[in-house]
Amino acid sequence: MIKFERFTLANGLKVIHHYDASTPLVCMNILYDVGARDEHPEHTGFAHLFEHLMFGGSVNIPNYDEPLQIAGGENNAFTNNDITNYYLTLPAENAETAFWLESDRMLSLAFTPKSLEVQRQVVIEEFKQRYLNQPYGDVWLLLKPLAYKVHPYRWNTIGKEIAHIEQATMEQVKDFFKKFYHPSNAIMVVAGNIEFEQVKRWSEKWFGNIPDQEKIPRNLPVEPKQTETRRQTVERPVPADSIYKAWHIGKRTDKNYLHFDLISDVLSNGKSSRLYLSLVKEKKMFTEINAYVSGDIDEGLFIVSGKLSKGTKIEDAEQEINEAVYRFTKELLEENELQKVKNKVESILSFSNVNILNKAMHLAYYELLGDAEGLNKEEENYAAITAQEVLTSAQKYFLESNSVTLYYLGKETPQTA
C-alpha cells in the first residue's frame with residue numbers, strides 16, 4: 001500500500017505527495033497529458049520534439065542540467081502515444097532546486113532559433129539511427145498504420161516522417177507548447193524524504209503564479225471496428241525473417257486489458273511459457289518469440305512477434321502463433337497456470353514499487369487514468385480475475401478478422417566489389 005496525499009493549486013496543477021523516510025532522496029515527476037495521439041496528422045513528432053526542447057533551457061535558466069548536477073541530481077524524460085513524462089531525483093536537502101527548475105521551464109521555456117535547430121537535428125538523427133538505419137527499426141512505422149486507419153495511434157511517437165520535424169516552424173512549436181504544457185494539463189508527484197507541508201509551500205511558491213491555459217477537451221477520432229484481416233509483406237536487409245501479428249483490444253482502463261496482460265505472460269513470460277517451450281525449445285521454429293500488450297490509454301493492441309529460425313517457413317510460423325493464441329478462445333486456463341502468472345504479476349508490481357522513482361511515475365500515471373488510488377488496487381484487480389473472464393475476453397477479441405499481420409523478410413544485401 002502506497003500512502004499519499006494530494007492537493008490542487010488554483011491554476012489547476014495537481015500535486016501528489018508520497019513520504020518515504022527510508023531514502024535520502026526526493027523524486028519529482030511531472031506528467032504532461034500530451035502524447036503523439038494529440039498531434040495534427042500533418043505535424044507529427046511534436047510531443048517527442050518537446051521532450052528534447054524542454055531540456056534546451058528556460059528564460060531564467062539557460063542550462064537545465066548544470067544547476068541540477070551541482071545539486072547532486074539527475075534527470076530524464078520519455079514520450080509515448082499518450083503522455084510526456086519528465087523526472088528527476090536529487091538529495092533531499094537540495095529538493096527546492098527541483099521546484100525551481102521545473103517551474104521555470106513550465107512558465108517560460110526559451111524558444112530560440114538555436115535551441116529549436118539543435119533539438120530538431122537531434123530528433124532527425126534519432127529517427128534515422130533508430131528507425132531507418134537499424135535492423136527491424138521500421139517495424140512500428142509499418143505495423144501501426146496497418147492496424148489503425150483513423151485514430152492517431154496510426155503514427156509512431158517519433159512521427160510519421162522526418163519532413164514533419166524538418167519543416168516545423170517556430171510558430172507551430174510555440175502553439176503546441178501553449179496548448180499542452182501548462183498547469184492544468186500536468187500532474188506533479190513529489191516523493192521521498194520530504195514533508196507534505198514543505199511540498200505545499202514550495203509548490204505554491206514556485207508553481208502557484210504560473211498562469212494556466214484552458215484545457216482543451218480531447219476529441220479524437222474513434223477507430224472503426226476492424227472486420228477483415230489485414231496483411232503486409234516487406235523485405236529488408238536483416239539477418240532473419242520475422243513475423244508480427246496484432247489484435248485490437250480494449251482501453252488501458254478496461255478490465256479486459258488485465259486479461260490480455262495475463263495471456264501475454266502465459267504465452268511468453270519465462271522459459272516455462274507456452275510459446276518458448278513449444279516453438280523455441282521443442283520445435284525450434286523461432287530463435288525468440290514474445291507476446292505483449294501495447295498498454296495504450298485508448299484501444300490498444302495485443303502483439304505476438306518473433307524471429308524465425310533458419311529454414312522455418314513464415315506461413316508455418318504464423319499457423320503456430322494462431323494455434324497458440326486461438327487456443328484461449330476454446331478452453332479455460334487451468335487454475336494452476338492462471339495462478340502462476342498472477343503470482344508473477346504480484347511479484348513484479350511489488351518489486352517495481354520499491355524504487356522511489358517508480359512510485360512517483362506510477363502515482364502520476366494512475367492519477368491520469370482516473371485516480372492515483374488505482375495503483376494500490378492493481379494487485380487486487382489481477383487476483384480477482386477468473387479463467388472464465390479470460391475466455392470471454394479472448395473470444396471477443398481473438399478473431400482473425402480483428403488481426404493484422406506483418407511478414408518482415410530478410411533479403412540478401414548486394415555484394416560490393
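Quantities reported herein were computed from a predicted structural model and do not represent experimental measurements. Heavy-atom basis, side chains included; hydrogens, waters and symmetry copies ignored.
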So, [X] side chain and [Y] main chain: donor-acceptor pair closer than 3.5 Å or not?
X    : Y    : value
K149 : P224 : no
Q232 : L406 : no
K160 : P41  : yes
H17  : K200 : no
D296 : D298 : no
T405 : R231 : no

Exercise for review: Assess whether side chain to side chain donor-acceptor pair (under 3.5 Å) is satisfied between E318 and Y407, documenting all intermediate values.
Suggested key: CA-CA 9 Å; E318 183 183 1; Y407 284 2; 2.4 Å; yes

Centres of the [X] and [Y] rings: under 6.0 Å?
X    : Y    : answer
Y136 : Y408 : yes
F177 : F111 : yes
H164 : F46  : no

May I ask you to say whether [X] pairs ionically with [Y], meaning some side-chain N is under 4.0 Å from a carboxylate O?
X    : Y    : answer
R218 : D82  : no
K179 : D38  : no
K377 : E373 : no
E223 : K251 : no
E337 : K340 : no
R201 : E204 : no
K245 : E400 : yes

Exercise for review: Go through N256 and S393 one step at a time and tell me if the side chain to side chain donor-acceptor pair (under 3.5 Å) criterion holds.
Suggested key: CA-CA 6 Å; N256 69 64; S393 290; 5.2 Å; no

**Study point:** Contact check, side chains of Y181 and M106, non-hydrogen atoms, under 4.5 Å
**Key:** no

Residue pair [X] / [Y], side-chain donor-acceptor N/O under 3.5 Å:
X    : Y    : value
W206 : E102 : no
S22  : D20  : yes
S403 : T229 : yes
N185 : K215 : yes

Residue pair [X] / [Y]: nearest heavy atoms and the distance that separates them:
X    : Y    : result
I165 : R120 : O-NH1, 2.7 Å
G208 : N11  : O-ND2, 3.7 Å
A387 : L338 : N-CD2, 3.6 Å

**Study point:** Option passing ring pair (Phe, Tyr, Trp, His ring centres under 6.0 Å) with W202 (candidates F99, F196, W100, F207)
**Key:** F99

Check your understanding: Passes side chain to side chain donor-acceptor pair (under 3.5 Å), E323 versus Q319? Steps please.
Key -> CA-CA 6 Å; E323 287 182 12; Q319 181 60 35; 3.3 Å; yes

Review point. Should the pair Y148 and Y153 be assigned to parallel (<30°), tilted (30 to 60°) or perpendicular (>60°) ring geometry?
Key: perpendicular

Exercise for review: Classify the ring geometry between H52 and H48 as parallel (under 30°), tilted (30 to 60°) or perpendicular (over 60°).
Suggested key: perpendicular

Exercise for review: Measure from NZ or CZ of R105 to the centre of the six-membered ring of F55 and say whether it is under 6.0 Å with the direction within 45° of the ring axis.
Suggested key: yes

Exercise for review: Please confirm whether R274 makes a cation-pi placement over F328, using NZ or CZ under 6.0 Å from the six-membered ring centre and within 45° of the ring normal.
Suggested key: yes

Practice item. Hey, could you give me each pair passing ring-ring contact (aromatic ring centres under 6.0 Å, His included) that has a residue in residues 364-397? Not counting sequence neighbours. Key: F260-Y397

Revision key, fill the gap. In N81, N80, L301, the residue satisfying side chain to side chain contact (heavy atoms under 4.5 Å, CB included) with S294 is L301

Exercise for review: Enter the distance from T169:OG1 to L116:CG here, rounded to the nearest 0.5 Å.
Suggested key: 8.5 Å

**Study point:** I124 vs Q121, side-chain contact (heavy atoms from CB on, under 4.5 Å): CA-CA, chis, key distance, verdict
**Key:** CA-CA 5 Å; I124 289 171; Q121 293 307 317; 4.2 Å; yes

**Study point:** Derivation of the side chain to side chain donor-acceptor pair (under 3.5 Å) call for H248 and N402
**Key:** CA-CA 6 Å; H248 292 275; N402 188 42; 4.8 Å; no

